[in-house]
Amino acid sequence: MTKLEHLPKLKTADECQTMTDVRHEVDRIDRILVELVAERQSFMGAAARIKESRDMVYDAPRIEDVIQKVLKSAEVVGLSPNIAEPVWRLLITQCIEFEYSRFDQTHKI
């Protein structure tokens, strides 16, 4: 996986005085998030390779376990559950679709 060039952190949210400051930090964070989501996606590829059956891709109990863990982590760091839960549910949904696609490619279905 190729790494993106990271922008330097210039200010905290409390230190930002202009929209230029805010936008710089948001762009910096977005680059980091893109790398993290790409890393997460790589593990969905691994799961597709490892799972023996396509029926194993969608795992409702695991989805709810992930959501509960995310909500607990969100609470610790002050992330609104109104942001955390829908973002992760969409991420999980898209990762499942990716995993189905990779499963089909890997297992020649």
Side-chain angles (χ1 to χ4, degrees):
M1 178 172 60
T2 302
K3 293 274 188 174
L4 293 173
E5 182 179 334
H6 285 258
L7 298 171
K9 181 174 183 173
L10 301 179
K11 298 183 178 186
T12 66
D14 289 339
E15 294 169 338
C16 289
Q17 297 298 313
T18 68
M19 285 307 300
T20 300
D21 294 342
V22 170
R23 288 177 180 144
H24 172 86
E25 296 306 331
V26 168
D27 290 348
R28 179 185 65 79
I29 293 165
D30 284 347
R31 286 183 183 196
I32 295 167
L33 287 171
V34 166
E35 284 186 353
L36 290 173
V37 173
E39 183 178 1
R40 189 184 198 285
Q41 175 186 281
S42 75
F43 287 99
M44 298 305 95
R49 177 177 42 82
I50 293 167
K51 290 179 181 176
E52 296 175 6
S53 165
R54 196 173 196 274
D55 293 338
M56 297 173 73
V57 172
Y58 184 85
D59 183 347
R62 172 64 180 153
I63 292 168
E64 294 311 312
D65 179 55
V66 169
I67 294 298
Q68 291 310 307
K69 289 175 184 174
V70 164
L71 289 173
K72 285 179 186 174
S73 294
E75 185 177 1
V76 169
V77 299
L79 174 61
S80 168
N82 293 329
I83 294 173
E85 185 168 355
V87 166
W88 259 267
R89 286 197 184 277
L90 178 58
L91 177 62
I92 290 166
T93 297
Q94 295 308 118
C95 284
I96 289 168
E97 289 305 313
F98 176 82
E99 190 177 334
Y100 276 128
S101 174
R102 284 296 167 96
F103 184 91
D104 293 347
Q105 290 173 359
T106 303
H107 299 276
K108 306 293 186 219
I109 291 195

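All values below come from the heavy atoms of this structure, side chains included, with hydrogens, waters and symmetry mates left out. Just so you know, these numbers come straight off a predicted model, no measurement behind them. Residues: numbered from 1 along the sequence shown.
Under the 4.5 Å side-chain criterion, counting only non-hydrogen atoms from C-beta, L10 is not in contact with D21. Residues M44 and R102 are not in side-chain contact: their nearest non-hydrogen atoms beyond the backbone lie 4.5 Å or more apart. Using a 4.5 Å heavy-atom threshold, the side chains of Q68 and L71 count as touching.
In R40, the CZ atom is crowded: over 12 heavy atoms of neighbouring residues, nucleotides or ligands sit closer than 6.0 Å.
E25 has a carboxylate O that lies under 4.0 Å from a charged side-chain N of R28, or vice versa, which qualifies the two as a salt bridge.
V87 and I92 fall within the same hydrophobic cluster, defined by Ile, Leu, Val, Met, Phe, Trp and Tyr side-chain heavy atoms under 4.5 Å apart, directly or through other members. Hydrophobic cluster membership differs between F98 and W88, with clusters built from Ile, Leu, Val, Met, Phe, Trp and Tyr side chains linked at under 4.5 angstrom. Residue V26 is not grouped with residue V34 when hydrophobic side chains (ILVMFWY) are merged at heavy-atom distances under 4.5 angstrom, including chains of intermediate members. In terms of hydrophobic clustering, with Ile, Leu, Val, Met, Phe, Trp and Tyr side chains grouped at heavy-atom distances under 4.5 Å, M19 and I29 are assigned to different clusters. Linking ILVMFWY side-chain heavy atoms closer than 4.5 Å, directly or via other members, places L36 and I83 in two distinct hydrophobic clusters.
Here the CG atom belonging to D104 is positioned 4.0 Å from the CZ atom belonging to R54, to the nearest 0.5 angstrom. In this structure, CG on D59 lies 10.5 Å from CD on E64, to the nearest 0.5 angstrom. Note: F103 CZ to D55 CG = 8.5 Å, rounded to the nearest 0.5 Å. Expressed to the nearest 0.5 Å, how far CD of Q105 lies from OH of Y100 amounts to 15.5 Å. Of the inter-residue distances, the one linking E99 atom CD with F43 atom CZ reads 13.0 Å to the nearest 0.5 angstrom.
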Please evaluate residues H24 and L7 with respect to the criterion side chain to side chain contact (heavy atoms under 4.5 Å, CB included), reporting the C-alpha separation (whole Å), side-chain torsions for both, the decisive distance (0.1 Å), and the verdict. CA-CA 8 Å; H24 172 86; L7 298 171; 3.9 Å; yes

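At least one donor-acceptor pair under 3.5 Å links the side chain of R31 to the backbone N or O of E5. With S73 contributing its side chain and K69 its backbone, the two residues share a donor-acceptor pair below 3.5 Å. Checked by atom type and distance alone, the side chain of H107 never pairs as donor or acceptor with a backbone atom of E52 at under 3.5 Å.
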